Protein chains: 2
Amino acid sequence: MDQPSPPRPAVMIDVARLAGVSHQTVSRVLNGHPSVRDETRERVLTAVRQLNYRPNALARGLAGRRSRVLGVVSFDTILYGPAATLLGVERAARAAGYGVSIVTLEQLDHDGVSDALSALAEQSVAGVVIIAPFTNTAAALRSLPMGIPAVVVEAGASGGLPAISVDQVAGAELAVRHLLELGHETVWHVRGPQNWLEARDREGAWRSTLEAAGRSVPPVIDGDWSARSGYQAGLRLAGDPRVTAVFCANDQQALGLLRAFHERGVRVPDSVSVVGFDDIPEAEFMSPPLTTIRQDFDEVGRRCLAMLLDLLDSPVETPVYPRVTPVLVSRASTGIRQSANANS
Amino acid sequence: MDQPSPPRPAVMIDVARLAGVSHQTVSRVLNGHPSVRDETRERVLTAVRQLNYRPNALARGLAGRRSRVLGVVSFDTILYGPAATLLGVERAARAAGYGVSIVTLEQLDHDGVSDALSALAEQSVAGVVIIAPFTNTAAALRSLPMGIPAVVVEAGASGGLPAISVDQVAGAELAVRHLLELGHETVWHVRGPQNWLEARDREGAWRSTLEAAGRSVPPVIDGDWSARSGYQAGLRLAGDPRVTAVFCANDQQALGLLRAFHERGVRVPDSVSVVGFDDIPEAEFMSPPLTTIRQDFDEVGRRCLAMLLDLLDSPVETPVYPRVTPVLVSRASTGIRQSANANS
DNA sequence: AACCGCGCTGTGAACGCTAACAATCGTCCC
DNA sequence: GGGACGATTGTTAGCGTTCACAGCGCGGTT
């Protein structure tokens, strides 16, 4: 008739009593401290199971110094890149026994990053991953009140901060070279928003690859990652006979571009070849299937976390990790430069 | 020569000393307790600013009952729906002064949900939002060790759990009716994965809408949300002259379907009309632009959070919120049933 | 003049855990 | 055989905050 399960969840002292040991011994068992007799350890673990005990992370964090929670600052997690990176980081964190607290920025600016970081600091996160490839993240980070270990994702020039990045330059080169090798005289570019580092890197590499090949550099077209901006770029480009190859800074823009071309009767790849960036799951099923540059976001997440954990161990030295190398995925949207050339 | 800023961040007692009051008074000021003299309040706030003091959320959570952190359990945050909902919830939570801790499920099963919930419980979250429209989430939730207030998102039959959902039935009806009104004899359906509640609801509503209209119900085609599955469905459907209208359970599937149709020379909307579901940002720029059912995920997130906060206030009664109503967005992928009919 | 109540403030004890140190026991070594 | 030592366990003190319960001073009552 007694009530065996109190509504209040068991705490460490309950386990200790049930196992006939002190709470400290329970703590030792839970934290894998070596000097506990096997027989005692078993007794404790049995009690833990019996009471369905789960240690309280809050108390843990308060008592020890480190919490088992990491913070992630991200921006626009509906975009494929950030979403995929977030997922990668979250998975890796969970595998390493960390919880993940997120803050999504409304705007990519200094104050936003700063606020986000102090919100996370308040929660005593052990470290922070910043998936906000804002051109000015570094400054925001430096102005951080307290020194939380932080890793920045996908920031090209991170200003000395530990960073994991996909080699955007290599990716853009891959795209441009691919198009040049197909016989195109030059390559047009629809770039991403200027406050994103990736966008700048891709544009820069596009430009320098063309220059290195001794080709003329057409005027760059603005874009903001959205399919709409790609569509608008497509409308502008569709009338121009000089345009035979376009490198879009991401796949959504390429989708919009393809749409505009389709509407205007520009045939892809017959008249114009198109390359995107990211290899979103939909790329393979666009009309036509999109040649693009694949980034391994999962790998980014994993390395990112590995780096952060290194940083937690030895906060003095900044670990250096190699960039993640993107690969070209060739599909139907790119083709040999057609005989139209013969007219010239 | 002295060092004015100790590396250790200021704590409440530091503020108290600086302001010449007790730590409890500082606490009162911070929590907006009324019985503090204005002059004292000012003095404390000045000290807070001066020391750049931020209360420690861990200690707060430990001492008081409630933490200011909410948990979110989600699944496959790369998909548009979950990603958008997550973003909506996160925004609303932040606006309400809550932090957000996320757990992304690897698999949609009972244990996954259960583990995720206890991981969050460990972090003493105040409440949980579950964006895992798994058909069996309800059971997993009930087997939860302790009673954390929880709100389920997008679950049709949530088994008595507080839930916010988009009215999938209304949405699917909108899609099917739209196609019937355009003169199509019947509507084919490419459904989503069977363990998703949304997929089941959409399929059910598709079926019953057809039946209510006295139309024949074609065999359903399987899909898994991916563009690839839509593509495969498209290949199967492309040869069939009876197919004049297809309702896809989401926009990605519709994209794949459009691709397959394009490949096989099936013209959209001339030969076949296609409707999707979600209105992802890319839908407008598909070839042709996709008619689809728009869901307001931001609204879902907001209501969800409002509901959870209600639940935190009075855990006894389950608040009831109306469903979010989706709307039809008509684009070029649907058109009047063409003269092909005249042949029959 | 003693008393009550109210506005404001301070004191002590949790909250559940880890860290540092002390205690106990048996063993090993000379 | 005594003391040092290692293995194992217990004890005590925080971590930084909130909660419950006093205190104190002052004006108004009786």
Side-chain angles (χ1 to χ4, degrees), chain A residues 6-45 47-48 51-69 97 99 121-126 146, chain B residues 6-45 47-48 51-69 97 99 121-126 146:
Chain A
R8 173 178 64 65
V11 296
M12 190 176 270
I13 196 70
D14 299 326
V15 176
R17 267 196 277 269
L18 182 57
V21 296
S22 78
H23 64 119
Q24 177 59 356
T25 297
V26 176
S27 170
R28 277 191 270 254
V29 169
L30 262 43
N31 293 306
H33 193 97
S35 67
V36 176
R37 223 186 338 158
D38 281 355
E39 190 263 342
T40 310
R41 184 192 318 282
E42 278 315 315
R43 210 142 34 95
V44 169
L45 289 176
V48 164
L51 295 175
N52 192 26
Y53 166 76
R54 319 224 84 203
N56 180 320
L58 259 41
R60 242 182 200 192
L62 228 207
R65 267 42 182 83
R66 55 183 143 287
S67 79
R68 295 293 279 181
V69 176
E122 214 164 297
Q123 289 180 46
S124 312
V125 295
M146 53 207 72
Chain B
R8 176 178 65 64
V11 296
M12 191 177 271
I13 196 70
D14 299 327
V15 176
R17 266 196 279 269
L18 181 58
V21 297
S22 77
H23 64 118
Q24 177 57 3
T25 297
V26 176
S27 171
R28 276 191 271 254
V29 169
L30 262 43
N31 293 304
H33 194 97
S35 67
V36 176
R37 223 187 337 160
D38 280 355
E39 190 263 341
T40 309
R41 184 191 319 283
E42 278 316 315
R43 210 144 30 95
V44 169
L45 289 177
V48 164
L51 295 175
N52 191 26
Y53 166 76
R54 321 223 81 205
N56 180 320
L58 258 41
R60 242 180 195 189
L62 227 207
R65 272 64 179 72
R66 57 185 145 286
S67 78
R68 295 293 278 182
V69 175
E122 215 165 293
Q123 289 179 46
S124 311
V125 295
M146 52 207 71

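By convention in this document, chain letters (A, B, ...) are assigned in the order of the sequence lines, proteins followed by strands, and residues within each chain are numbered from 1. For clarity, every value in this text was computed on a predicted model and none was experimentally measured.
Here the C1' atom of nucleotide D/dG16 and the OH atom of B/Tyr53 are 7 Å apart, to the nearest Å. Residue A/Gln123 contributes atom CD, which lies 17 Å from atom P of D/dG16 at whole-angstrom precision.
Nearest heavy atoms, A/Val11 versus A/Tyr53: C-CE1, 3.5 Å.
Contacts of B/Arg37 classified as side-chain contact (heavy atoms from CB on, under 4.5 Å), with partners at least two apart in sequence or in another chain: B/Glu39, B/Thr40. Applying the side-chain contact (heavy atoms from CB on, under 4.5 Å) test to A/Arg41 and every residue at least two apart in sequence or in another chain returns A/Val29, A/Val36, A/Asp38, A/Leu45. In this structure, the side-chain contact (heavy atoms from CB on, under 4.5 Å) partners of B/Ala47, at least two apart in sequence or on a different chain, are B/Val15, B/Leu18, B/Ala19.
Side-chain contact check for A/Arg54 versus A/Pro9: every heavy-atom pair is 4.5 Å or farther apart.
One axis for each end of the helix from C/dA1-D/dT30 to C/dC30-D/dG1, each built from five base pairs, and the angle between them comes to 60° at 10° resolution.
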Between the protein and nucleotides 8-14 of chain D, list every N/O to N/O distance that falls short of 3.5 Å.
residue : atom : partner : partner atom : Å
D/dT9   : OP1  : A/Arg37 : NH2          : 3.2
D/dT9   : OP1  : A/Thr40 : OG1          : 2.4
D/dT9   : OP2  : A/Arg37 : N            : 3.0
D/dG10  : OP2  : A/Ser22 : N            : 2.8
D/dG10  : OP2  : A/Ser22 : OG           : 3.2
D/dG10  : OP2  : A/Thr25 : OG1          : 2.9
D/dG10  : N7   : A/Arg28 : NH2          : 2.8
D/dG10  : O6   : A/Arg28 : NH1          : 3.4

CA sep, side-chain torsions, deciding dist, call: B/Ser67, B/Arg60, side chain to side chain contact (heavy atoms under 4.5 Å, CB included): CA-CA 7 Å; B/Ser67 78; B/Arg60 242 180 195 189; over 6 Å; no
From CA spacing to verdict: side chain to side chain contact (heavy atoms under 4.5 Å, CB included), A/Gln123, B/Leu58: CA-CA 6 Å; A/Gln123 289 180 46; B/Leu58 258 41; 5.6 Å; no
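Going from atom CG of B/Asn56 over to atom OG of A/Ser124 covers 4.0 Å, rounded to the nearest 0.5 Å. Rounded to the nearest 0.5 angstrom, B/His23 NE2 and B/Thr25 OG1 are separated by 8.5 Å.
With a heavy-atom cut-off of 4.0 Å to chain A, the contacted part of DNA chain C has its first and last nucleotide at C/dG16 to C/dA20.
A donor-acceptor pair is defined here as one N or O able to donate and one able to accept, closer than 3.5 Å; no such pair exists between the side chain of B/Asp14 and the backbone of B/Ala10.
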